There are 2 protein chains.
Amino acid sequence: MNNLISDPSLTLARTRLRGTGARVTPARVRVLAVLMEAGQPLSHHEVEQILSPAAELDRVTLYRVLDWLVQQRLAHRVAGSDRAWRFSVAGDQPSLEARGGLKAGGAKVMHERHAHFHCNDCGKVYCLDSIDAKALNVPVPIGYRPETLELTVKGYCAHCN
Amino acid sequence: MNNLISDPSLTLARTRLRGTGARVTPARVRVLAVLMEAGQPLSHHEVEQILSPAAELDRVTLYRVLDWLVQQRLAHRVAGSDRAWRFSVAGDQPSLEARGGLKAGGAKVMHERHAHFHCNDCGKVYCLDSIDAKALNVPVPIGYRPETLELTVKGYCAHCN
DNA sequence: CCATCAATTGCAACCCAGTTGCAATTGATG
DNA sequence: CATCAATTGCAACTGGGTTGCAATTGATGG
Ligand SMILES: [Mn+2]
Ligand SMILES: [Mn+2]
Ligand SMILES: [Zn+2]
Ligand SMILES: [Zn+2]
C-alpha cells in the first residue's frame, strides 16, 4: 500500500515533523512526503490525487495540513494563475532572519526569494530557483511599505511547448 | 441620477466603445466609465458597488462586460492576491506590436508592461507605472517559452501603512 | 420611421477552491 | 494505560466566477 510515496520520503518527513515539536500525524507525514517527492509546487487537488490510491484524506484535513505546513515553514505557498494555491516543500534556505523593515517576529518574513514559471497550457507551476527576486530593486511610491516581491513568468513549459 | 460617474467620462467611454465597431450598450458605457474614473484596478465587486446607486447591473452581465473589455483591449486584468480579478482601463500604450517569439496575431500579446502593488491590508491593487517589467531579463530553462511577465510587490499602501 | 435579427442581457442554476462549527478521534505525556 | 489538548471528519457554507437559455435591444437598411 501507499505505493506512490517512497519509504525514505516518509521517514524524512517524520523527522522534519518531529522537529516542529507538534504532533506527528499520518496525514502530516504523508502530505509532507508527497511534497518532498514532487519536483514542483502542487495544488490541493494534485496532492489529493497522489494520496488517494492509498487511504483517502478528508479535503478539509488536507487544506488544514497544507496551511499548517506553511505556518511551520516546512512548505511554502504560491498562487497559481488558475486561482488555486500551490504548495512546495521549503528548501534548505537559510533561516531567513529578519531583514530590515519587517515588523513582527518571524511571522511573515519574506519567503519567496525566487521567481515562478506558470504554464498557460497545463497549469503547472515551476520554481525558477536561479532567479533571486529579492535582488530586484523595485521602487514604490512614498508612503508605501513593500514586504514581499513576486515575479512570475507565464508561458509554455517544456512539456507543452 | 448616476451621480457617481461624470458625464465627460461617459462620453469618452462611448467614443472609445464606438471605436470597437461593436454595440455601444449602457452596460458597457457605464462600466468603462467607472474604470476610467478609478485611479486603480477595481474588482468585480468594487465596480458593482460604484454602479449600484444608479441602476443595478446584473452580476453576470458585469462579468461579461469586464471580460469583453479585456478582449477588446480597452481594459486589462490583473489577479489580486485575494483570488479576485481586478480590472483597469487600458492606458494609451503603443499598439504593442508583435515582439519576437509571439505566435498568434494580436491575440494574447504581452499586456503587462508594469508592476503592481498589492496592499496586504485593504486588498487594493495599484499600478506601478514607472516600472517596466518587460525590461527585466528573466532566464527560463531550455524548452520553456516565456510569454508574459508579472511583477508584484506586496506590502502596505500609503493609506494602510 | 420601422422591421429585422444577431448581439447582448437577465435570471436561475451551477462549479470549484476554500472556510467554519462541532462532535468524534487520537498522539503524546506522565 | 488514563488523560486531554490537538487533530480529524463531516456537513454546511461562502464567494468568485461560469453556463444555458429565453427575453430584450442596438444597429442596419428599406
Ligand atoms: Mn517556489
Ligand atoms: Mn496595471
Ligand atoms: Zn505545461
Ligand atoms: Zn491598503
Side-chain angles (χ1 to χ4, degrees), chain A residues 10 13-32 41-52 54-72 74-75 77-87 118 123-125, chain B residues 10 13-32 34 41-52 54-72 74-75 77-87 118 122-125:
Chain A
L10 290 170
R14 256 183 286 266
T15 305
R16 290 209 194 169
L17 288 170
R18 238 177 271 118
T20 68
R23 283 201 199 169
V24 179
T25 68
R28 289 174 176 173
V29 172
R30 292 205 296 143
V31 172
L32 181 54
L42 301 180
S43 64
H44 173 274
H45 183 67
E46 289 167 326
V47 174
E48 216 169 19
Q49 293 298 311
I50 298 175
L51 243 31
S52 57
E56 287 281 349
L57 185 57
D58 183 77
R59 311 183 328 108
V60 177
T61 302
L62 178 50
Y63 277 118
R64 292 198 271 227
V65 166
L66 289 169
D67 288 348
W68 180 86
L69 288 172
V70 172
Q71 266 179 234
Q72 300 300 314
L74 290 175
R77 202 172 69 151
V78 42
S81 30
D82 55 354
R83 74 192 54 246
W85 296 109
R86 311 264 162 166
F87 301 82
H118 292 223
K124 285 207 170 70
V125 175
Chain B
L10 290 169
R14 257 183 286 266
T15 305
R16 288 209 195 169
L17 287 170
R18 238 177 271 117
T20 68
R23 283 201 198 171
V24 179
T25 68
R28 288 173 178 174
V29 172
R30 293 204 297 142
V31 172
L32 182 53
V34 165
L42 301 180
S43 66
H44 173 275
H45 183 66
E46 289 167 327
V47 174
E48 216 169 19
Q49 293 297 311
I50 297 174
L51 243 31
S52 57
E56 286 282 350
L57 187 57
D58 184 77
R59 320 184 315 115
V60 178
T61 301
L62 177 51
Y63 277 119
R64 290 197 271 228
V65 166
L66 289 169
D67 288 347
W68 181 86
L69 288 173
V70 172
Q71 267 179 233
Q72 301 299 315
L74 289 174
R77 199 172 70 153
V78 41
S81 29
D82 55 354
R83 74 190 54 244
W85 297 110
R86 311 263 161 166
F87 301 82
H118 292 224
C122 67
K124 286 206 170 69
V125 175

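FYI, side chains are in, hydrogens and waters are out, and symmetry mates aren't considered; it's all heavy atoms of this structure. We name chains A, B, ... by the order of the sequence lines, and we start the count at 1 in each one. Only a predicted model underlies this, so the values are computations on that prediction, with no experimental measurement involved.
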Short side-chain N/O contact to D/dG9 OP1/OP2 from A/Arg59, under 4.0 Å
no
If you only use heavy atoms from C-beta on, which nucleotide in C/dT20, C/dG10, D/dT18 is closest to the side chain of B/Val60?
D/dT18
Give a yes/no on whether any side-chain N or O of A/Thr25 is located under 4.0 angstrom from OP1 or OP2 of D/dT8.
yes
Could you tell me whether the side chain of B/Arg83 has a donor or acceptor atom within less than 3.5 Å of a complementary atom in the base of D/dG17?
no
If you take atom types as modelled and just measure distance, does the side chain of B/Arg28 reach the base of D/dG26 with a donor-acceptor pair under 3.5 Å?
no
So, is A/Trp85 close to the C/dA17 phosphate, meaning a side-chain N or O under 4.0 Å from OP1 or OP2?
no
Assign B/His45 to base, sugar-phosphate, or nothing according to its heavy-atom contacts below 4.0 angstrom with the strands shown.
nothing
Taking every heavy atom of A/Leu10 against every heavy atom of A/Arg30, the minimum-distance pair comes out as CD2-CA, 4.2 Å
Among the nucleotides D/dT8, C/dT8, C/dT9, whichever has the atom closest to the side chain of A/Val65 is D/dT8
Which residue, A/Leu62 or B/Arg86, contacts DNA chain D at a nucleotide closer to its 5' end, judged by nearest heavy atom?
A/Leu62
Can you tell me the pairing partner of C/dG27 across any strand shown, Watson-Crick or G-U wobble, with both distances under 3.5 angstrom?
D/dC4
Should the side chain of A/Arg23 and the base of D/dA6 be counted as holding a donor-acceptor pair, with the cut-off at 3.5 Å?
yes
From C-beta outward on A/Ala84, which listed nucleotide comes closest to its side chain: C/dG10, C/dA17, D/dT18?
C/dA17
